[in-house]
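Letters A, B, ... mirror the listed sequences (proteins, then strands); counts begin at 1.
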Amino acid sequence: QKEVEQNSGPLSVPEGAIASLNCTYSDRGSQSFFWYRQYSGKSPELIMFIYSNGDKEDGRFTAQLNKASQYVSLLIRDSQPSDSATYLCAVTPGGGSNYKLTFGKGTLLTVNP
Amino acid sequence: DTEVTQTPKHLVMGMTNKKSLKCEQHMGHRAMYWYKQKAKKPPELMFVYSYEKLSINESVPSRFSPECPNSSLLNLHLHALQPEDSALYLCASSQAGTEALRGYTFGSGTRLTVV
């Protein structure tokens, strides 16, 4: 059973702080890694994807991937109340379909004004 | 506005009804997906179409029947559903092949209630 685990949360940070969201995965052959944001009652929205070791930055968001440790994280700098949502980590499996995403259970982030 | 459009946004149906969910995208994507999401759970893959052919069926009960009439449209036909099938049904699309590894775009979903 290939698994994706996220820190259970909920995570609460003050406005302007850095929010750190973590994800580990069991399939060492996993190829691509995604962070989706999902507001309550809405559909998931792709924030970032990463497939190489290291950091990838996009505005206030930084994704970090460490394949040796099977670990991917998302940092949100200068957190805003509008960042309050559930963040889903998703992984494509190794050795097979490019089309299957395995999602973690999500971490609920609350940014307090 | 999402580039993947799903209709209807809400649907209430009885257990003996037949209904269809529709999904349309105009991004030139050649892979389309149906996901099911229960409250406070992650999305679960149901079906994948690649180049209008069914590529993946995740052992979904036959009361759910997908259809891909062309590269822009994806339907999910529903028949004799159970109350436990009540969920948010999400359509998504992506590039096909290795480009699918860049992730996909979800529609806004259809919230289905079976009574």
Contact class of [X] relative to chain A, heavy atoms under 4.5 angstrom:
| X | answer |
| --- | --- |
| Glu44(B) | neither |
| Ala96(B) | both |
| Tyr104(B) | both |

Closest approach of Lys42(A) to Leu88(B) (non-hydrogen atoms, all atoms of both residues): O-CD2, 4.2 Å

I need the minimum non-hydrogen distance between Gly103(B) and Leu46(A), along with the two atoms involved.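 Nearest pair, atom of Gly103(B) first, then Leu46(A): CA-CD2, 4.4 Å.
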
Need one label for [X]: side chain, backbone, both or neither, based on atoms under 4.5 Å from any heavy atom in chain B.
| X | result |
| --- | --- |
| Ile50(A) | neither |
| Phe33(A) | neither |
| Gln38(A) | side chain |

May I ask you to check whether over 12 heavy atoms, not counting those of [X], lie within 6.0 Å of atom [atom1]?
| X | atom1 | answer |
| --- | --- | --- |
| Lys56(A) | NZ | yes |
| Tyr51(A) | OH | no |
| Met15(B) | CE | no |
| Ile18(A) | CD1 | no |
| Lys38(B) | NZ | yes |

Hey, mind stepping through Glu58(B) and Lys100(A) against side chain to side chain contact (heavy atoms under 4.5 Å, CB included) and telling me if it holds? CA-CA 10 Å; Glu58(B) 291 287 84; Lys100(A) 284 193 176 189; 3.1 Å; yes

Ser50(B) and Tyr99(A): side-chain donor and acceptor closer than 3.5 Å? yes

For the residue pair Phe103(A) and Leu45(B), establish whether any side-chain heavy-atom pair is separated by less than 4.5 Å.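 Answer no - side chains too far apart.
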
So do Val4(A) and Pro42(B) actually touch side chain to side chain, heavy atoms under 4.5 Å?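 No, their side chains stay 4.5 Å or more apart.
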
Do [X] and [Y] sit in the same hydrophobic cluster, where Ile, Leu, Val, Met, Phe, Trp and Tyr count as joined when their side-chain heavy atoms come under 4.5 Å apart?
| X | Y | answer |
| --- | --- | --- |
| Met32(B) | Phe47(B) | yes |
| Tyr89(B) | Leu11(B) | yes |
| Leu75(A) | Tyr36(A) | no |
| Tyr49(B) | Val60(B) | yes |

Rounded to the nearest 0.5 Å, what's the gap from CG on Leu88(A) to NZ on Lys41(B)? Could you check?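 Leu88(A) CG to Lys41(B) NZ: 13.0 Å, rounded to 0.5 Å.
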
Is there a donor-acceptor pair under 3.5 Å between the side chain of Ser43(A) and the backbone N or O of Gly107(B)? yes

